[in-house]
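A quick note: this is a predicted structure, and the numbers were derived from the prediction, not measured. Remember, it's 1-based here, ligands and their atoms both numbered in the order they're listed.
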Amino acid sequence: MLSRQVAEKLRAFETPFYLYDLDLLEQTLSSATSVAQRYGYVLHYAIKANSDPRLLEIIRSHGLGIDCASGNELRCALEAGFDPSMIVYAGVGKRDKEIRYAIAQGIFAINCESMEELEIVNAFAKEAGKVVTVALRINPDIDPKTNHCIDTGQADSKFGISWEEVLEKADFIKGLSNLRVKGMHLHIGSQIRELHVFEYLCHKVNAIVDNLSSLGFELDFVDVGGGLGINYDFPENEPVPNFASVFSIINSHLKVGGREVHFEFGRAIVAQCGELITSVLFNKTTATGRKLVIVDASMTELIRPALYGAYHSIENITSTSTKNERYTIVGTACESTDVFDESVGLPMTRRGDLITIKSAGAYGASMASRYNLHDLPPSVYSDQL
Ligand code: LLP
């Protein structure tokens with residue numbers, strides 16, 4: 001909870017904006033890297049979660065690599081000073097120019113998601129006179145027990161190559177002479193809170209890696225993706241996600257056989273350090289009796305509630321009222337789904353009050369749009385207060 005003193009300082013900045021707690025980011029990274037080091041795990045940050053330059057600078061200073069999902073994300077990572085040898089690139093639909101760019105930069109691995117992609121990467125590698133390291137992104141058909149909008153590892157999903165196809169085309173893949181197939185990759189979904197899912201994932205990976213080895217693939221690394229969830233309901237109870245638990249599960253169940261194990265966390269690194277600060281514009285009551293609070297942010301700054309029905313905890317950080325009301329918090333965009341939450345218990349809320357929408361550091365700013373020609377939200381950092 002922001003202190004009243006800090007809340008009043010926030011009035012110096014035009015709303016809406018993202019506020020980032022850099023100390024919390026440091027703590028989160030220290031926690032993740034100290035446990036990862038114990039097991040020798042390699043951490044990449046999924047830059048799609050948030051590419052704010054100051055956050056990237058801190059993330060880089062803790063020694064993480066990057067997981068990117070487009071040529072522009074790759075460029076952003078390189079411009080932020082990340083070493084190409086610590087960058088992986090996944091994505092179901094990589095454009096020709098993006099593949100050529102990734103090959104030219106000599107990144108750690110291109111994670112390929114279809115047979116056609118493998119063929120094209122091979123052809124472009126040949127054209128560039130290079131042999132390129134790739135990982136096979138396999139669809140393991142696992143239910144990650146999360147919001148179905150953000151699961152990616154089930155058989156019918158667009159992500160990854162089916163195991164059946166890998167088996168069938170193994171010789172063909174091995175014949176692609178400008179590729180070095182050195183890794184196996186998977187990412188089964190995001191906001192995973194039921195950690196036993198990771199145990200199940202390990203059993204699948206063990207079986208897949210064994211099979212790939214018997215097919216003659218010599219793998220150096222296994223990249224198990226990201227997905228570790230955070231506590232959106234009570235962010236204060238869990239400001240730093242439980243990296244120790246997930247690493248310990250992986251360590252107990254994954255048969256690594258001397259291979260490197262890579263992770264690609266996005267949300268778990270940055271979600272809790274960011275919040276969206278917005279001002280109340282108006283109050284009104286619908287004919288049905290719903291009390292609306294209209295704030296100056298909208299789905300153009302934070303689309304998660306409108307897009308996935310995602311929950312973010314909301315607080316009024318400046319009201320001094322002792323009387324509580326139930327409000328529906330809505331944004332300014334011309335869309336009926338532009339609702340941050342229904343029936344939120346807040347102290348009496350008035351025009352000019354500051355509202356915080358918490359746990360918004362991941363997939364908040366990075367998914368902002370210019371719909372209704374809104375400005376993109378600026379960042380304010382804790383060391384500016
Ligand atoms: N690796 C790959 C290949 C991914 O596709 C993703 C996320 C990650 C790593 C990072 O996952 P994380 O650790 O953040 O769960 N916009 C949605 C989330 C989409 C995630 C897409 N891929 C949301 O706001 O919930």
Side-chain angles (χ1 to χ4, degrees), residues 28-29 32 36 41-51 55 59 64-70 73-74 77 87-94 108-113 117 134-140 142 144-154 157-161 183-195 197-198 201 222-232 241-243 246-247 250 262-274 276 299 301-312 340 357-369:
T28 307
L29 287 160
Y41 293 158
V42 182
L43 301 186
H44 302 259
Y45 165 63
I47 195 170
K48 60 177 83 74
N50 194 320
S51 55
L55 305 192
I59 291 167
L64 280 76
I66 288 286
D67 156 52
C68 63
S70 73
E73 283 189 357
L74 171 54
I87 300 180
V88 292
Y89 177 13
V92 72
K94 304 179 184 80
F108 178 72
I110 301 181
N111 298 341
C112 294
E113 306 214 15
E117 184 188 339
V134 299
L136 300 176
R137 177 167 180 181
I138 309 231
N139 180 313
I142 294 178
K145 311 266 186 233
T146 184
N147 182 328
H148 78 277
C149 300
I150 52 175
D151 67 28
T152 50
Q154 306 213 55
S157 138
K158 71 173 180 176
F159 298 99
I161 312 174
M184 185 236 145
H185 174 232
L186 81 173
H187 169 78
I188 60 170
S190 205
Q191 184 51 17
I192 299 170
R193 292 287 283 169
E194 295 190 30
L195 294 188
V197 166
F198 287 104
L201 175 148
V222 172
D223 180 341
V224 294
L228 178 62
I230 60 133
N231 191 337
Y232 281 101
N242 198 343
F243 294 102
V246 75
F247 289 148
I250 302 279
H262 293 234
F263 291 82
E264 308 166 339
F265 295 127
R267 187 187 319 266
I269 304 290
V270 291
Q272 297 293 33
C273 77
L276 179 59
M299 63 196 283
E301 287 78 28
L302 179 64
I303 201 175
R304 303 191 71 258
L307 190 60
Y308 316 120
Y311 173 78
H312 287 257
F340 286 115
I357 306 180
K358 298 185 183 177
S359 312
Y363 307 111
S366 65
M367 293 180 78
S369 80

Contact (N/O only, under 3.5 Å) between Gly189 and ligand 1:
no
Distance-only polar pair, side chains of Tyr232 and Arg267, donor-acceptor under 3.5 Å:
yes
Could you tell me the residue and atom name of the protein heavy atom closest to atom 15 (O) of ligand 1, and the distance to it rounded to 0.1 Å?
Ser190 OG, 2.3 Å
Taking only heavy atoms of Arg137, which atoms of ligand 1 are found under 4.0 Å from at least one of them?
3 (C)
Carboxylate-amine/guanidinium proximity below 4.0 Å for Glu117 and Lys94
yes
Just jot down the ligand 1 atoms closer than 4.0 angstrom to any heavy atom of Gly226, in number order.
9 (C), 13 (O)
Working to the nearest 0.5 Å, report the span between CD1 of Ile59 and CG of Leu43.
11.5 Å
Once rounded to the nearest 0.5 Å, what's the spacing between atom CD1 of Ile230 and atom CD1 of Ile269?
12.0 Å
Looking at Met367, which atoms of ligand 1 are within less than 4.0 Å of one of its heavy atoms?
16 (N)
Look only at the side chain of Thr152 and the backbone of Ile188, and say whether a donor-acceptor pair between them is shorter than 3.5 Å.
yes
Glu264 heavy atoms within 4.0 Å reach ligand 1 at atoms 1 (N), 2 (C), 3 (C), 8 (C), 9 (C), 10 (C), 13 (O)
In ligand 1, the atoms that come under 4.0 Å of a heavy atom of Ile150 are 17 (C), 18 (C), 25 (O)
Determine yes or no for a side-chain-to-main-chain donor-acceptor pair under 3.5 angstrom, with His44 supplying the side chain and Gly65 the backbone.
no
Atoms in ligand 1 flagged as close to Phe265, the criterion being non-hydrogen separation under 4.0 Å
13 (O)
Keeping Asn50 on the side-chain end and Ala362 on the backbone end, is there a donor-acceptor pair under 3.5 Å?
no
Any donor-acceptor pair under 3.5 Å from Ser366 side chain to Ala49 backbone:
yes
May I ask whether Gly227 places a heavy atom under 4.0 Å from ligand 1?
yes
Worked verdict on Lys48 versus Asp67 for salt bridge (Lys or Arg N to Asp or Glu O under 4.0 Å)
CA-CA 8 Å; Lys48 60 177 83 74; Asp67 156 52; 3.2 Å; yes
Tell me whether Tyr308 reaches ligand 1 (any heavy atom closer than 4.0 angstrom to a ligand atom).
yes
Heavy-atom nearest neighbour in the protein, as seen from atom 24 (O) of ligand 1, with distance rounded to 0.1 Å:
Arg304 NE, 2.6 Å
Classify the ring geometry between Phe108 and His262 as parallel (under 30°), tilted (30 to 60°) or perpendicular (over 60°).
parallel
Heavy-atom proximity to atom 19 (C) of ligand 1, picking from Tyr89, Tyr232, Tyr363, points to Tyr363
Ligand 1 and Asp67, any nitrogen or oxygen pair closer than 3.5 angstrom?
yes
For atom 4 (C) of ligand 1, which protein heavy atom lies nearest, and how many Å away is it?
Lys48 NZ, 3.2 Å
To check your reading of the model: name the closest protein heavy atom to atom 8 (C) of ligand 1, its residue, and the distance in Å.
His187 CE1, 3.4 Å
